[in-house]
Amino acid sequence: MKRTKIKGILKSDATDYKVNVKGWVRSFRNNQFIALNDGSCMGNIQVVIELGADEALLKRITTGASISVDGTVIASLGKGQKVEVKADSVTILGDCDTEQYPLQLKNKPSLEYLREIAHLRFRTNTFGAIFRVRHSLAYAVHKFYNDRGFVYLHTPIVTASDAEGAGEMFRVSTLPFDNPPRNEDGTIDFKEDFFGRCTNLTVSGQLEAELGAMAFSEVYTFGPTFRAENSNTARHLAEFWMIEPEVAFNDIHDNMDLAEDFIRYLIAYVMEHNKEDLEFLAQRLADEEKQKPMNERSELGLVEKLEFVVNNKFERITYTEAIDILLNSAHYKKKKFQYDVSWGIDLQSEHERYLVEKHFKKPVIVTGYPKDIKAFYMRQNDDGKTVAAMDILAPGIGEIVGGSQRDERLDKLTQRMNEMHIPTDEMYWYLDTRRFGTVPHAGFGLGFERMVLFVTGMGNIRDVIPFPRTPKNAEF
Ligand code: 4AD
Ligand code: MG
């Protein structure tokens, strides 16, 4: 018999039909009631076994074991479920040694512990919900751009250029570590390397996306990006996924509108399609909040927070205004910021969080950053000091989007690259777009995991990517 997914059975009121279900045993009570889960949804189906079944078989139905059940869907007499499966036969697919099974040994395992057993954590309700939400968000990303006529461009993972100019890249090489070929001056001879030059894992697909936008008008990338920054925080990964739309003819205002629409769309999509998962995650968060002191608890529950973001426009301010707000805050006057505030600083996450969580209490888009703290490609404003950059700051997260209008003027761009020591000869292909039919254009990058964090209400980015890569950690 063909397998029926548990989600389909639970969703319907239909009864008195034969099914086959397969999955993993979550619990087994009274030698009679199995809670079976196949990951298609949060809920388990209750499988009822006739009393007096074979002892040897019953012993093997343990938490974590995988089984196949043929039976009949009937109306449930018990509380908590509308329907259940009355088993005709149960086959063990794979035994589970409960003496060793980590999820059986720990009652209420902590998130930290579950990170150590990331190969098994998908089988918990929390991680089931998170990764179903993550999937929905990924699907919604493609749907959003596809519905608007964008072309999905696969930009390279291995690259010779440092798009952000921050120099935090992982080298890709087949040269022997212990004895690489050297030039006469002692430097490594990358002409001998696999690609005949020094290559790295990409930090961003933006530069290549810009090339695509100069032909398709609207493109986006959605792929893994890599940063070798030694940031051991709850918001940073060394390998994370980023969505980068790039749009010809858009200015910074169009760019902000697109980013805002995009974020709202993603949230609304999950609220419509992952109700059960979100309700579970909201409850989890509410329980966690109860452990905190009163003054640190968030005012809104997860679902209310998401509804609020969908229904309210983001605040838009300039960097200069942001600095003024910080300087005038009681928080600043009482010296509660760890990092000092003055015009020209790169906003620290404590500053960003003050703006969104304490001052505006909603997402904020900050524009017009000082050019010295931003990448070379951002369009220089007429004041000679700032660039048409935009960061979106989200409550509980800080920066979730970074983007800008790009400098489409060859002379200005070349001048800035020279100032920042970015090799214009190697980047001829990027500059060619400014030589051959240049147009105003803009784009941004949404950190996918930060978006998943925001939607799920989780606190640590390691819990929203299946197998996190962080400094000193690449298990699994
Ligand atoms: O602000 P970033 O560095 O912008 C860029 O890479 C541009 N090329 C984007 C563009 O304009 N096309 O990164 C964009 C976003 C950040 O706002 C943040 O959400 C996320 O990527 N991000 C990280 N997420 C997790 N771990 C890290 N180490 C991250 N670094 C950036
Ligand atoms: Mg940024």
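Counting starts at 1 for both ligands and their atoms, in listed order. Any value given below was found using the heavy atoms of this structure, including those in side chains, with hydrogens, waters and symmetry copies removed.
Within ligand 1, counting atoms from 1 as listed, the ones closer than 4.0 Å to a heavy atom of Arg406 are 10 (C), 11 (O), 12 (N). Those atoms of ligand 1 with a heavy atom of Val401 less than 4.0 angstrom away are 17 (O). Short contacts between ligand 1 and Glu244, defined as distances under 4.0 Å to a heavy atom of the residue, involve ligand atoms 7 (C), 8 (N), 9 (C), 10 (C), 12 (N). Close approach of ligand 1 to Gly445 (heavy-atom distance below 4.0 Å) involves ligand atoms 9 (C), 10 (C), 11 (O), 12 (N), 14 (C), 15 (C). When each atom of ligand 1 is checked for a heavy atom of Met242 under 4.0 Å away, the hits are 6 (O), 13 (O), 14 (C), 15 (C), 21 (O). Of all atoms in ligand 1, listed by their number and element, those nearer than 4.0 Å to a heavy atom of Tyr377 are 7 (C), 8 (N). Within the listing of ligand 1, atoms 1 (O), 9 (C), 10 (C), 11 (O), 17 (O) sit less than 4.0 angstrom from a heavy atom of Gly402. Of all the atoms in ligand 1, the ones that sit under 4.0 Å from a non-hydrogen atom of Gly403 are 11 (O).
Residue Phe444 touches ligand 1 through its backbone alone, judged by heavy-atom distances below 4.0 Å. Proximity of Met451 to ligand 1, defined as any heavy-atom pair under 4.0 Å, is not found for any part of the residue. In Arg227, the part holding a heavy atom less than 4.0 Å from any atom of ligand 1 is the side chain. With a heavy-atom cut-off of 4.0 Å, Arg235 touches ligand 1 through its backbone alone. Counting heavy atoms under 4.0 Å from ligand 1, residue Asp391 does not touch it at all. For Glu246, no heavy-atom contact with ligand 1 is shorter than 4.0 Å.
Comment: Lys371 does not engage Asp383 in a salt bridge, judged by the lack of any side-chain N to carboxylate O separation of less than 4.0 angstrom. The residues Lys412 and Asp407 are annotated as not salt-bridged, no charged nitrogen and carboxylate oxygen being separated by less than 4.0 angstrom. Salt bridge annotation for Arg264-Glu260: present, with a cationic side-chain nitrogen under 4.0 angstrom from a carboxylate oxygen. Salt-bridge formation is not detected for the pair Arg284/Asp287: no Lys NZ or Arg NE/NH1/NH2 atom is positioned less than 4.0 Å from an Asp or Glu carboxylate oxygen. With salt bridges taken as basic N to acidic carboxylate O contacts below 4.0 Å, none links Glu276 and Arg132.
Of the residues listed (Arg379, Arg434, Arg435), the one engaging Glu408 in a salt bridge (Lys or Arg N to Asp or Glu O under 4.0 Å) is Arg379, and it is the only one.
In this structure, His142 has its ring center closer than 6.0 angstrom to the ring center of Tyr220.
The protein heavy atom nearest to atom 20 (C) of ligand 1 is Gly447 CA, 3.6 Å. Closest protein heavy atom to atom 7 (C) of ligand 1: Glu164 OE2, 3.3 Å. The protein heavy-atom contact nearest to atom 19 (O) of ligand 1 is Ile400 O, 2.8 Å. Looking at atom 22 (N) of ligand 1, its nearest protein heavy atom turns out to be Phe240 CE1, 3.4 Å. Of all protein heavy atoms, the one closest to atom 17 (O) of ligand 1 is Glu399 OE2, 2.6 Å. If you check which protein heavy atom lies closest to atom 26 (N) of ligand 1, you get Leu237 N, 3.0 Å.
Between Tyr152 and His154, the two ring planes are tilted [angle within 30° to 60°]. Using cut-offs of 30° and 60° on the angle between ring planes, the pair Tyr332 and Phe337 is tilted. Below 30°, between 30° and 60°, or above 60°: for Tyr269 and Tyr139 the angle between ring planes is between 30° and 60°, a tilted geometry.
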(message) Show, in sequence, the C-alpha distance, side-chain angles and deciding distance for Phe262 and Phe448, and conclude whether the ring pair (Phe, Tyr, Trp, His ring centres under 6.0 Å) test is met.
(response) CA-CA 12 Å; Phe262 179 39; Phe448 188 57; 9.4 Å; no
(request) Test Phe216 against Phe150 for ring pair (Phe, Tyr, Trp, His ring centres under 6.0 Å), laying out the working first. (result) CA-CA 8 Å; Phe216 299 106; Phe150 283 59; over 10 Å; no
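Looking at Glu399, its N, O or S atom nearest to the Mg ion (ligand 2) turns out to be OE2.
For NZ of Lys335, the number of neighbouring non-hydrogen atoms (other residues, nucleotides, ligands) closer than 6.0 Å is 12 at most.
If you take CD on Glu112 and CG on Leu114, they are separated by 9.0 Å, rounding to the nearest 0.5 Å.
Contact annotation: Glu449 has no heavy atom less than 4.0 Å from any atom of ligand 1. No heavy atom of Gln405 sits closer than 4.0 Å to any atom of ligand 1. Look at Tyr220 and you'll find every heavy atom at least 4.0 Å from all atoms of ligand 1.
Nearest approach of Tyr430 to Leu413, heavy atoms of both residues: CE2-CD2, 3.9 Å.
Looking at Met378, Arg450, Arg469, Glu229, it is Arg450 that brings a heavy atom closest to atom 18 (C) of ligand 1.
Between Ser404 and ligand 1, no N or O atom pair is found at a separation short of 3.5 Å.
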